[in-house]
Amino acid sequence: MSSSDQLFFYLLLSSMLTSTLLANEITDDHLALLAFKNGVKSDPSGALSSWNDQSGHFCNWTGVSCSHKHPNRVTALDLSMLDLGGFISPSIANLSFIQTIELPVNGFSGEVPPEFGRLHRLRSLNLSNNALHGVVPVNLANCSKLRVLDLGSNQLSGSIPVELGQTLLKLEMLMLDNNSLTGVIPSSIGNLSSLTVLFLMRNNLQGTIC
Ligand SMILES: *[C@@H]1O[C@H](CO)[C@@H](O)[C@H](O)[C@H]1NC(C)=O
Ligand SMILES: *[C@@H]1O[C@H](CO)[C@@H](O)[C@H](O)[C@H]1NC(C)=O
Ligand SMILES: *[C@@H]1O[C@H](CO)[C@@H](O)[C@H](O)[C@H]1NC(C)=O
Ligand SMILES: *[C@@H]1O[C@H](CO)[C@@H](O)[C@H](O)[C@H]1NC(C)=O
Ligand SMILES: *[C@@H]1O[C@H](CO)[C@@H](O)[C@H](O)[C@H]1NC(C)=O
Ligand SMILES: *[C@@H]1O[C@H](CO)[C@@H](O)[C@H](O)[C@H]1NC(C)=O
């Protein structure tokens with residue numbers, strides 16, 4: 001082989017590797033979105049009817065935004081106020097580049113998936129005004145970039161995990177109001193120096209915040 005042949009071979013090989021990597025990325029986020037759609041059992045306005053392979057690339061599906069820097073990686077999912085019913089599929093946790101999840105004012109029941117704890121880039125999670133039950137998952141304490149956490153107006157029970165106040169140091173808004181939370185408000189919440197909005201009313205919580 002001449003050196004230009006070698007160069008050509010190298011370029012060919014590296015472009016094959018790159019497209020293999022790209023194909024895997026497409027598959028991961030694509031599959032995660034399809035699995036999310038699977039969890040949606042009612043969609044009265046047909047918002048997710050664009051979510052199929054006939055209507056183009058998944059980055060163009062209703063409510064989906066993708067990264068400019070990392071093509072084909074989902075950065076935001078915004079399906080607010082659509083009256084969607086069903087459960088929130090844990091497959092969302094495979095959207096590893098996601099920063100924003102907005103699913104408020106829908107009819108999702110089931111639990112807040114603990115798998116959300118894998119989303120290290122997550123900055124904003126709004127699941128308010130649904131019918132979610134179960135606990136506030138302690139795993140959310142792994143989402144150390146979280147600035148906004150709104151789980152208000154659901155049917156969540158159990159206590160507020162102490163860990164949230166220990167690791168979510170960037171938290172600016174924490175809304176857990178209008179649930180069925182019990183126990184003592186963790187004093188670690190008082191340590192969150194960026195916190196400007198804290199809604200805990202309409203629960204059965206005890207204690208003070210200092
Ligand atoms: C999304 O749709 C627009 C306009 O319909 C099109 O120009 C663009 O190429 C599509 N993007 C992808 C990633 O398919
Ligand atoms: C996430 O992706 C992995 C590997 O791609 C897959 O095995 C797993 O089932 C997916 N998890 C969910 C909850 O979809
Ligand atoms: C969450 O979404 C609801 C409905 O759009 C909105 O009223 C609320 O302000 C949002 N929460 C935060 C913290 O932005
Ligand atoms: C997240 O947090 C839980 C509980 O604190 C922990 O067990 C788990 O290993 C952490 N990591 C992930 C990726 O969820
Ligand atoms: C409390 O949450 C329920 C849904 O769980 C909702 O119907 C109700 O309007 C909420 N109340 C307030 C005052 O936000
Ligand atoms: C608050 O933060 C300080 C300094 O990081 C730490 O020593 C203390 O244990 C924290 N308090 C709580 C209740 O987490």
Side-chain angles (χ1 to χ4, degrees), residues 36 39-45 47-48 62-65 74-88 92 95 98-113 116-117 119 121-210:
F36 171 80
V40 175
K41 304 300 177 196
S42 86
D43 176 12
S45 69
L48 301 191
T62 304
V64 176
S65 305
V74 174
T75 51
L77 185 61
D78 183 352
L79 297 167
S80 306
M81 292 186 256
L82 291 169
D83 213 9
L84 300 174
F87 67 94
I88 300 174
I92 295 193
L95 300 172
I98 205 161
Q99 297 179 355
T100 304
I101 299 175
E102 298 275 332
L103 302 172
V105 200
N106 282 296
F108 285 109
S109 49
E111 302 192 338
V112 178
F116 278 177
L119 297 173
R121 291 180 170 87
L122 195 61
R123 289 161 171 265
S124 177
L125 177 62
N126 190 345
L127 306 178
S128 66
N129 282 278
N130 279 284
L132 300 167
H133 55 80
V135 299
V136 177
V138 64
N139 303 50
L140 289 178
N142 294 348
C143 305
S144 57
K145 296 220 171 97
L146 262 187
R147 292 170 192 273
V148 174
L149 177 58
D150 190 347
L151 303 177
S153 294
N154 281 287
Q155 289 145 33
L156 300 173
S157 54
S159 56
I160 302 174
V162 179
E163 290 83 349
L164 297 187
Q166 292 166 339
T167 60
L168 301 183
L169 302 179
K170 299 202 166 142
L171 209 55
E172 293 164 9
M173 297 186 186
L174 177 60
M175 281 123 124
L176 301 172
D177 54 296
N178 193 19
N179 279 288
S180 302
L181 300 172
T182 53
V184 176
I185 299 168
S187 56
S188 61
I189 299 289
N191 250 4
L192 295 173
S193 57
S194 302
L195 201 62
T196 53
V197 178
L198 177 63
F199 286 0
L200 300 176
M201 60 276 197
R202 297 194 194 90
N203 282 292
N204 297 309
L205 294 163
Q206 294 166 17
T208 53
I209 303 163
C210 40

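Counting starts at 1 for both ligands and their atoms, in listed order.
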(message) I need the atoms of ligand 3 closer than 4.0 Å to a non-hydrogen atom of Asn126, numbered in the order shown.
(response) 1 (C), 2 (O), 3 (C), 8 (C), 10 (C), 11 (N), 12 (C)
(request) May I ask you to list the atoms of ligand 3 that are less than 4.0 angstrom from any heavy atom of Pro104? (result) 2 (O), 4 (C), 5 (O)
(message) As a test of the contact definition, would atom 14 (O) of ligand 6 count as having a protein heavy-atom neighbour under 4.0 Å?
(response) yes
(request) Mind listing the closest non-hydrogen atom pair of Asn106 and Asp83 along with its distance? (result) OD1-N, 2.9 Å
(message) Side chains of Ile98 and Leu77, heavy atoms from C-beta outward: is any pair under 4.5 Å?
(response) yes
(request) Identify the protein heavy atom lying closest to atom 4 (C) of ligand 5, giving its residue, its atom name and the separation to 0.1 Å. (result) Ser153 O, 4.1 Å
(request) Report yes if some N/O of Glu102 lies less than 3.5 Å from some N/O of ligand 3; otherwise report no. (result) no
(request) Pull out every atom of ligand 3 sitting under 4.0 Å from any heavy atom of Val148, numbered as shown with elements. (result) 13 (C)
(message) Does ligand 5 come near enough to Asn178 that some N or O of the ligand is less than 3.5 Å from an N or O of the residue?
(response) yes
(request) May I ask you to list the atoms of ligand 3 that are less than 4.0 angstrom from any heavy atom of Ser128? (result) 1 (C), 2 (O), 3 (C)
(message) Using modelled atom types and a 3.5 Å cut-off, is there a donor and acceptor pairing between side-chain atoms of Asn179 and backbone atoms of Asn154?
(response) yes
(message) In the structure I gave you, are the side-chain heavy atoms of Leu84 and Leu79 within less than 4.5 Å of one another anywhere?
(response) yes
(request) Scan the protein's non-hydrogen atoms and note whether one is under 4.0 Å from atom 11 (N) of ligand 5. (result) yes
(request) Provide the closest heavy-atom pair for Asp177 versus Asn203 in the form atom of the first, atom of the second, distance. (result) CA-ND2, 3.7 Å
(request) Could you tell me whether the side chain of Thr167 and the main chain of Ser144 form a donor-acceptor pair under 3.5 Å? (result) no
(message) Using the side chain to side chain contact (heavy atoms under 4.5 Å, CB included) definition, which of the options Ile189, Ile185, Leu192 pairs with Leu198?
(response) Ile189
(request) Give the numbers and elements of all ligand 6 atoms closer than 4.0 Å to a heavy atom of Asn191. (result) 1 (C), 2 (O), 3 (C), 8 (C), 10 (C), 11 (N), 12 (C), 14 (O)
(request) List the closest protein heavy-atom neighbour of atom 9 (O) of ligand 3: residue, atom name, distance to the nearest 0.1 Å. (result) Asp150 OD2, 4.6 Å
(request) For residues Ile88 and Leu132, determine if any side-chain heavy atom of one lies less than 4.5 Å from a side-chain heavy atom of the other. (result) yes
(message) Quick check on contacts: which atoms of ligand 3 are under 4.0 angstrom from a heavy atom of Met175?
(response) 13 (C)
(message) Can you confirm, on distance only, whether ligand 6 has an N/O atom lying under 3.5 Å from any N/O atom belonging to Ser187?
(response) no
(request) Would you mind reporting whether Val112 and Leu156 have side-chain heavy atoms less than 4.5 Å apart? (result) yes
(request) Take atom 7 (O) of ligand 6 and look for protein heavy atoms under 4.0 Å from it; say yes if you find one, no if not. (result) no
(request) Answer yes or no: is there a donor N or O on one side and an acceptor on the other, between the side chain of Asn130 and the main chain of Leu103, under 3.5 Å? (result) yes
(request) State the atoms of ligand 3, each with its element, that fall below the 4.0 Å cut-off from a heavy-atom position in Met173. (result) 13 (C)
